[in-house]
Amino acid sequence: MTTVTTPLPDLHEKPVESSAHRFFHSYLFQKTLKALFTAWVVITLTFFLIRLLPSNPVELFIQDLMVQYGMPYHEARDQAAALFAIDLSRPLPLQYLDYMDGLLHGDLGTSILSPGTSVSSIILRFLPWTIFSVGIALMLSFTFGIMLGLFMAYHREGVMDHILTVLASILSSIPNYILGILLIIFLGVRWGIISVAATRGTLSPGVEPSLSIEFFKDALFHAALPITTYVLTTIGSWMLTMKSSTISVLEEDYVTVAKAKGLKEGRITSTYVGRNAALPMFTLLTIAIGFVVGGSVLIETIFQYQGIGYILLQSVNKRDYTVMQGVFLVITMSVIVANFFADILYSWLDPRIKLGRQE
Amino acid sequence: MGSALLGAVRSLGATLRIMSYNKVGFAGFIAVMLILFMAFVGPFFVPLDTVTKVDQIYQPPNAEHWLGTDHQGRDIFSQIVNGGKDVIIVAVVAGALSTLIAVTFGTLAGFAGGRTDSVIVSITDIVLTIPQLPLLLVLAALIKLNNIFFLGIILGALGWPSLLRAVRSQALSLKQRDFVEAARALDLGTMHIIFREIVPNMMTYIIISFALAMTGAIYAQVALVLFGLVPFSGSNWGVMLSLAWVRGAIYFKDSIWYIMMPVAAIVILQLSIVTMTRSLELVFNPRLRSGE
């Protein structure tokens, strides 16, 4: 996978680089620029989606107010403008600037269906639950996936390897919402192990967020089914990726040298093989964090777990456009931020990347 | 004419034999063929049962209803047979479109390099960043996605970025190979080099990615239907699942057949497509065959 498209450092370039020049060409700056640019594209796209589509939600909402409450056009328009945090009387480019300015100040508008509630307050209320459940699930599935993958690489072509490989491919081809439905049918209804109705929501009635053991137990009880679903549907790909990563590390010279030196098998596995094989996995983990927040929509809806994904689907179904737009932006931003950290982490783990020789 | 037909049959036989080297992959291939047959030919023999029979609600499988009946006493087997066509058409349209975009622009980026390359790569990075499913949900609120071809095109238009990256890096490495250098030295032209030298050598990637793009499209479309965002008319595995779920079928003791059948159909289809790629790999990548 070598290429000559990246030019070799030109030795005839300016011999002394100014510190500003070096800063603007630094890896960190380039990546920050890329992340900001992506964020800008997504925000712009969202703005024009709600303004320019044939059935744009702002117009629809104005029509709605006029029909339902008999409001005159300008009044309905003022209300829509307030809710969407867009001043509709201004020319489009200026509206766009206002919108961007609002976003920079955290102003995502107000919910259409519950006027007076700001979109940012809705996000702040529901986002922690998604981070909580998805975070625990990712940690579990990553840790166990890595361990099983390492085990499979060491026992490759053995009985356990074959069983685990088949299991991993089956698990990763079941859509996560279908696995969620199966869990409810079998654990909840058929075998009656868990009362599905009781696990709905994020907390039982009467339990308040605090630093007590009861609170954590209750929170975990409600998050248990979503977490199980996330873990089961993502662990397969961790296992298979870690297995192939380990197999390639096992062929490296330094592992052979370590064996030749007579180092203990356990030490070779943990320090030489495990650590090096797991390094690329951490970047994948960072990327996965971003995507799981987006993927939480279906799981949270299946289990009625009130996180950010549940709110997104609710607002889509009720056509609460401002909430929809705000939540979508938050989900996308989380992917952008996660990717940014993945890039930084990767360049830190593998300094060759920084020099632009990643191909 | 006759000999050409014979030759075609013979080469088909040879291909099948190569595919059967990998048993799991071949099983997947057979399963995909059976599902295709069922979904496209089956409906001529098993018409959709649309008659409500109140006295036959939620029956377990029996001689008359092979897979039992649903909440209106309709035959589940006829719904499974008739419900695959839409799912597969959307998957094929989406898979074909995203493969087309990825192969065209991925090869172009890898082969042209320079500014063309960096523009294509930046666009890919941006599209890859936008979470697909949330975007689909938002789109479903703004536009009606109830035409299956339109749905397939939207899914395909969002699903190409990761494939494009793979194609581009393949093109970059193929560009360095001797046979491409030779073609360039002979001045055979960019079009010839891309379509005669580079693309045929990426067939493995293209076919496998096409299959994986299909599974992605199946995942997304069933999700959209299940959560009521795509108002599909008629019968479809996603609609069955959605109805079973919304009607609370899971809480009836005898309704297990109704919800499990579309689940099984979707999971088996996904699994067969994924395992089929192992056999396809053998057909398009002769280097893998020697070891088998």
Side-chain angles (χ1 to χ4, degrees), chain A residues 1-5 34-35 37-39 41-42 45-46 49-50 53-57 166 169-170 172-179 181-182 184-185 188-190 196 290-291 293-295 297-298 301-302 309 312-313 315-317 319-321 324-325 327-328 331-332 334-336 338-339 359, chain B residues 24 110 112-114 117 122-123 125-144 168-170 172-173 175-176 215 218-220 222-223 226-229 241 244-245 249-253 255-256 259-260 262-264 266-275:
Chain A
M1 298 273 259
T2 49
T3 166
V4 288
T5 46
K34 189 184 126 192
F37 180 69
T38 314
V41 169
V42 173
L45 190 87
T46 323
L49 264 184
I50 63 162
L53 272 186
S55 63
N56 91 63
V166 170
S169 15
I170 292 179
S172 37
S173 57
I174 299 180
N176 50 10
Y177 48 88
I178 285 191
L179 192 78
I181 291 178
L182 291 179
I184 292 185
I185 294 177
V189 183
R190 294 266 130 182
V196 178
F291 274 101
V293 175
V297 181
L298 306 173
T301 308
I302 290 277
L312 179 64
L313 194 64
S315 58
V316 167
N317 276 332
R319 300 291 189 267
D320 192 341
Y321 295 107
M324 196 171 95
Q325 169 201 342
V327 172
F328 176 68
I331 290 176
T332 314
S334 68
V335 181
I336 294 175
N339 276 339
E359 297 301 343
Chain B
V24 182
D117 184 38
S122 321
I123 296 175
D125 281 347
I126 291 175
V127 179
L128 193 65
T129 316
I130 304 174
Q132 250 199 59
L133 204 70
L135 180 63
L136 279 173
L137 297 184
V138 172
L139 282 179
L142 299 174
I143 35 183
K144 284 194 174 57
R168 176 177 165 270
S169 64
Q170 275 293 301
L172 279 177
S173 90
K175 209 165 99 176
Q176 311 296 322
T215 60
I218 295 171
Y219 170 86
V222 174
L226 173 63
F227 293 100
L229 294 164
L241 194 60
W245 178 252
I250 52 165
Y251 295 111
F252 286 97
K253 197 170 160 293
S255 61
I256 189 95
I259 196 156
M260 286 309 287
V263 165
I266 293 161
V267 172
I268 291 171
L269 178 61
Q270 296 275 63
L271 204 58
S272 336
I273 293 177
V274 173
T275 45

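Just so it is clear: chains get the letters A, B, ... in the order the sequence lines come, proteins before strands, and each one is counted from 1. Just so you know, these numbers use all the heavy atoms, side chains as well, and skip hydrogens, waters and symmetry mates.
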Part of [X] lying under 4.5 Å from any heavy atom of chain B:
{"X": "Ile178(A)", "result": "side chain"}
{"X": "Leu182(A)", "result": "side chain"}
{"X": "Leu312(A)", "result": "side chain"}

Item to complete: Under 4.5 Å heavy-atom distance to chain A, tell me which part of Ile218(B) shows up: side chain, backbone, both or neither.
Response: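 Interface part for Ile218(B): backbone (N, CA, C, O).
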Closest contact, heavy atoms only, [X] versus [Y]:
{"X": "Tyr177(A)", "Y": "Ala223(B)", "answer": "OH-N, 3.3 Å"}
{"X": "Ser169(A)", "Y": "Leu271(B)", "answer": "O-CD1, 3.9 Å"}
{"X": "Gln270(B)", "Y": "Pro175(A)", "answer": "NE2-CG, 4.0 Å"}

Worksheet entry | Top contributor to chain A interface from Val267(B), Leu137(B), Val263(B) [non-hydrogen pairs under 4.5 Å] |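 The answer is Leu137(B).
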Item to complete: Name the member of Thr215(B), Val274(B), Asp125(B) that forms the most heavy-atom pairs with chain A at distances under 4.5 Å.
Response: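 That would be Asp125(B).
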Item to complete: For chain B, find which of Leu298(A), Thr38(A), Thr332(A) contributes the most heavy-atom pairs closer than 4.5 angstrom.
Response: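 If we count pairs closer than 4.5 Å to chain B, Leu298(A) comes out on top.
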Discussion item. At a heavy-atom distance under 4.5 Å, which candidate from Ile302(A), Ile174(A), Leu45(A) has the highest pair count against chain B?
Written reply: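 Sorted descending by pairs with chain B, the first entry is Ile302(A).
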Worksheet entry | Polar side-chain atom of Tyr219(B) near backbone of Asn176(A) as donor-acceptor pair, under 3.5 Å |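 Side chain of Tyr219(B) to backbone of Asn176(A): no pair is present.
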Item to complete: To the nearest 0.5 angstrom, please state how far the CD1 atom of Ile266(B) sits from the OG atom of Ser173(A).
Response: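 It is 12.5 Å, given to the nearest 0.5 Å.
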Worksheet item: Under the side chain to side chain contact (heavy atoms under 4.5 Å, CB included) criterion, do Phe37(A) and Ile126(B) qualify, and how do the steps go?
Response: CA-CA 9 Å; Phe37(A) 180 69; Ile126(B) 291 175; 3.4 Å; yes
